[in-house]
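Okay, so here's the structure we're looking at.
Basis for what follows: all heavy atoms, side chains included, without hydrogens, waters or symmetry-related copies. In what follows, chains carry the letters A, B, and so on, assigned in the order in which the sequence lines appear, proteins first and then strands, with residues in each chain numbered from 1.
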There are 2 protein chains.
Amino acid sequence: MSYLDQTAVAANDMQRRNAASAKHLAAIASFAEFGAKSLKFSPHDVVYYEGDEARRLYHLERGTIMLFKLLPDGRRQVVEVLRPGDIFGLASSSEHDCTAETLTDAQVQEIDLRQVETSPEFQRRLTRCLTSQMNALHDHAVLLGRKSAHERVASFLMYLVPNRGGVGCVGPDPERVDDSSDIKLHMTRQEIADYLGLTIETVSRVVSDLKRKGVIRADKSDQIHLHKVCSLCQMTGFH
Amino acid sequence: MSYLDQTAVAANDMQRRNAASAKHLAAIASFAEFGAKSLKFSPHDVVYYEGDEARRLYHLERGTIMLFKLLPDGRRQVVEVLRPGDIFGLASSSEHDCTAETLTDAQVQEIDLRQVETSPEFQRRLTRCLTSQMNALHDHAVLLGRKSAHERVASFLMYLVPNRGGVGCVGPDPERVDDSSDIKLHMTRQEIADYLGLTIETVSRVVSDLKRKGVIRADKSDQIHLHKVCSLCQMTGFH
DNA sequence: CGGAGAGTTGACAGCTTTCAACATCAGTGG
DNA sequence: CCACTGATGTTGAAAGCTGTCAACTCTCCG
């Protein structure tokens, strides 16, 4: 395979999402076995702060949570956006390296790591979960390091369309006549900007531009209708 | 803890490196138990390509390896730089999401994942390793998303100084009179640029600028003497 | 109705990229 | 031993993208 031959590239991002629901149900059961405590959060609640002592492991059952880091001068980078089924809170030092904050109402299962360490079955599940999160972090590094503002926003929007976007995009569903989709962002412009490594102004400008081009329509500022998913997908840099 | 309060921030990046040597030795033993096959590579050998079928797990025993992804138009992002003790090759789909290429001579242990899945002890080690790699990916996301070219290069150089750099930098060793350090990059300007999300020209310009300011001296293009580690550390954005 | 927060838009500045020329280095072969 | 050659690295000038700053609009709620 040559440096530029991309024909055989993995469809990891997609498959990650297809596997999510099955993984999700299994993981809930698994956590329950270990006497997990279930916690409920409102939007913009903090589960833990960067620097807090790391003792427990968390499993996102319902809702969306972001992990972010801050620089001393206030610059913020959202490093992960978690979905149901994802696990978070593991730390390699004694302290959390990120702040975990909810984006929506969220339900989280909390469990002591020492309890689950004894279960090989749970460990395998954990490994799979971490691996898929690492793949998402790899994609995100490409976005942050090599994509233009337009490509970042397009990638972000595609990320919210089930079974689409990413390197192994399946294309429009042949069963369906149109190729549109409605998505809910659950994030403010500031959060999107901090996730994409941009400013709010740039995010706003790119979204306006996509509207002007007729690719999307904003029903509310965080409720977007994609007229043609495929044409948006063409703007992600993956094609 | 307020949005901007950084006093209690974790020293994860540092502790990751301090733990590396102990983890390293233990992991070698662990892999040997499972009948790992030891492989040797020359610089710029490819261990596997993005898109190759993922069957095995790799443990870097000696040397340096980078993982990178490509966009169809040839843009490249180096997503991880691995050191001895790191584990790689896990895939959430059936295919590798990155290409793994050596930067130096390298020795790698190769093992079938199914063999190690049965060992809780190994699984715990794997979890710790993945966690510390995820923390490194988080730091890298901050670098790519929020740091200037100068900060990126300074962070990169500090990353190669043992026990320094990162949020929890311990400062200069009080036992030592000077605060200098010699580092070997093991990477071309192109590889550094692709790691830092910059162009080779920008990397070259920043390095020249650091020379002009008297912060560093380049003995060879990939062999750098840091005159005052602390003053370089001040430029990373972490202070 | 009024105020605060979130989002949008415009003008301009600045940083990084792009493009091009040149320098340096290492390896090869005469 | 030295000239040649290709790869790698450096530097300059100009362009372009994104950030900054500021003004304005929109939406939500009291």
Side-chain angles (χ1 to χ4, degrees), chain A residues 3 42-44 71 73-78 103-104 143-157 184-213 216-224 235 237, chain B residues 3 42-44 71 73-78 101 103-104 142-157 184-213 216-224 235 237:
Chain A
Y3 190 87
S42 300
H44 300 290
L71 290 174
D73 61 5
R75 283 177 286 179
R76 181 171 77 159
Q77 179 63 47
V78 175
L103 291 170
T104 61
L143 181 147
L144 294 174
R146 290 296 177 214
K147 289 191 179 179
S148 71
H150 273 80
E151 290 172 331
R152 294 183 200 201
V153 173
S155 300
F156 172 70
L157 294 176
K184 184 138 178 74
L185 308 186
H186 296 303
M187 291 169 90
T188 65
R189 291 287 183 273
Q190 185 64 64
E191 287 156 353
I192 295 167
D194 288 344
Y195 183 51
L196 300 181
L198 300 170
T199 59
I200 43 175
E201 293 93 334
T202 299
V203 172
S204 185
R205 265 185 262 274
V206 172
V207 169
S208 298
D209 197 48
L210 293 176
K211 282 189 221 166
R212 229 170 290 126
K213 285 177 176 156
I216 67 173
R217 180 187 71 222
D219 298 324
K220 287 171 54 184
S221 75
D222 80 331
Q223 181 93 44
I224 306 240
M235 308 170 79
Chain B
Y3 191 88
S42 301
H44 301 290
L71 290 174
D73 61 5
R75 283 176 285 179
R76 181 172 77 159
Q77 179 64 47
V78 175
E101 184 178 314
L103 292 170
T104 63
V142 174
L143 181 146
L144 294 174
R146 290 297 177 212
K147 288 190 180 180
S148 70
H150 273 80
E151 290 172 331
R152 293 183 201 200
V153 173
S155 299
F156 172 70
L157 295 176
K184 183 137 179 75
L185 306 186
H186 298 302
M187 292 169 88
T188 66
R189 292 287 183 272
Q190 185 64 66
E191 288 157 353
I192 296 168
D194 287 345
Y195 183 50
L196 300 181
L198 301 169
T199 59
I200 45 175
E201 294 94 332
T202 300
V203 172
S204 184
R205 266 185 260 274
V206 172
V207 170
S208 298
D209 197 47
L210 293 176
K211 282 189 221 166
R212 228 171 290 126
K213 284 177 176 156
I216 68 174
R217 181 187 70 223
D219 298 324
K220 286 170 56 182
S221 76
D222 81 331
Q223 181 93 44
I224 305 237
M235 307 169 79

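A/Arg189 contributes no side-chain N or O that, together with a main-chain N or O of A/Glu201, makes up a donor-acceptor pair within less than 3.5 Å. Under the 3.5 Å distance criterion, the side-chain polar atoms of A/Arg146 are left unmatched by any main-chain donor or acceptor of B/Gln77.
Between C/dC19, D/dT18, C/dG7, one nucleotide has an atom nearer to the side chain of A/Ser204 than all others, and that is C/dG7. With C/dG7, D/dA13, C/dT16 as the candidates, the nucleotide lying closest to the side chain of B/Ser148 is C/dT16. Side-chain proximity of B/Thr199 to the nucleotides C/dT9, C/dG7, C/dT17 is greatest for C/dT17. Here D/dG9 is the nucleotide among D/dG12, C/dT16, D/dG9 with the atom lying nearest to any side-chain atom of B/Arg189. Minimum atom distance to the side chain of A/Arg205 is reached by C/dG10, of the listed C/dT16, C/dG10, D/dA13.
Between the CG atom of B/Leu210 and the C1' atom of D/dT10 there is a distance of 15 Å, given to the nearest Å. Following rounding to the nearest Å, A/His150 (NE2) and D/dT18 (C1') show an atom-to-atom distance of 12 Å. In this structure, A/Asp209 atom CG and D/dT18 atom P are separated by 11 Å, rounded to whole Å. Whole-Å rounding puts the B/Glu151 CD to C/dC15 P distance at 12 Å. Per the geometry, CZ belonging to A/Arg76 stands 15 Å off P belonging to D/dG19, to the nearest Å. In this structure, B/Glu201 atom CD and D/dA13 atom C1' are separated by 13 Å, rounded to whole Å. Here the P atom of nucleotide D/dG9 and the CD1 atom of B/Ile216 are 14 Å apart, to the nearest Å. In this structure, NZ of A/Lys147 is placed 22 Å from P of C/dT16, rounded to the nearest angstrom.
Within the 4.0 angstrom heavy-atom criterion, base atoms lie near B/Thr202. Within 4.0 Å (heavy atoms only), A/Leu198 reaches sugar-phosphate atoms of the nucleic acid but no base atom.
Applying the salt bridge (Lys or Arg N to Asp or Glu O under 4.0 Å) rule to A/Lys211 yields no partners; only residues at least two apart in sequence or on another chain are considered.
Checked options A/Arg76, A/Arg75, A/Arg152; the residue passing with A/Asp194 is A/Arg76 (criterion: salt bridge (charged side-chain N to carboxylate O under 4.0 Å, His left out)). With respect to A/Ser155, the side-chain contact (heavy atoms from CB on, under 4.5 Å) criterion is satisfied by exactly one of A/Lys147, A/His150, A/Met235: A/Lys147.
The residue among B/Ser221 and A/Gly197 whose nearest nucleotide of DNA chain D lies closer to the 5′ end is B/Ser221.
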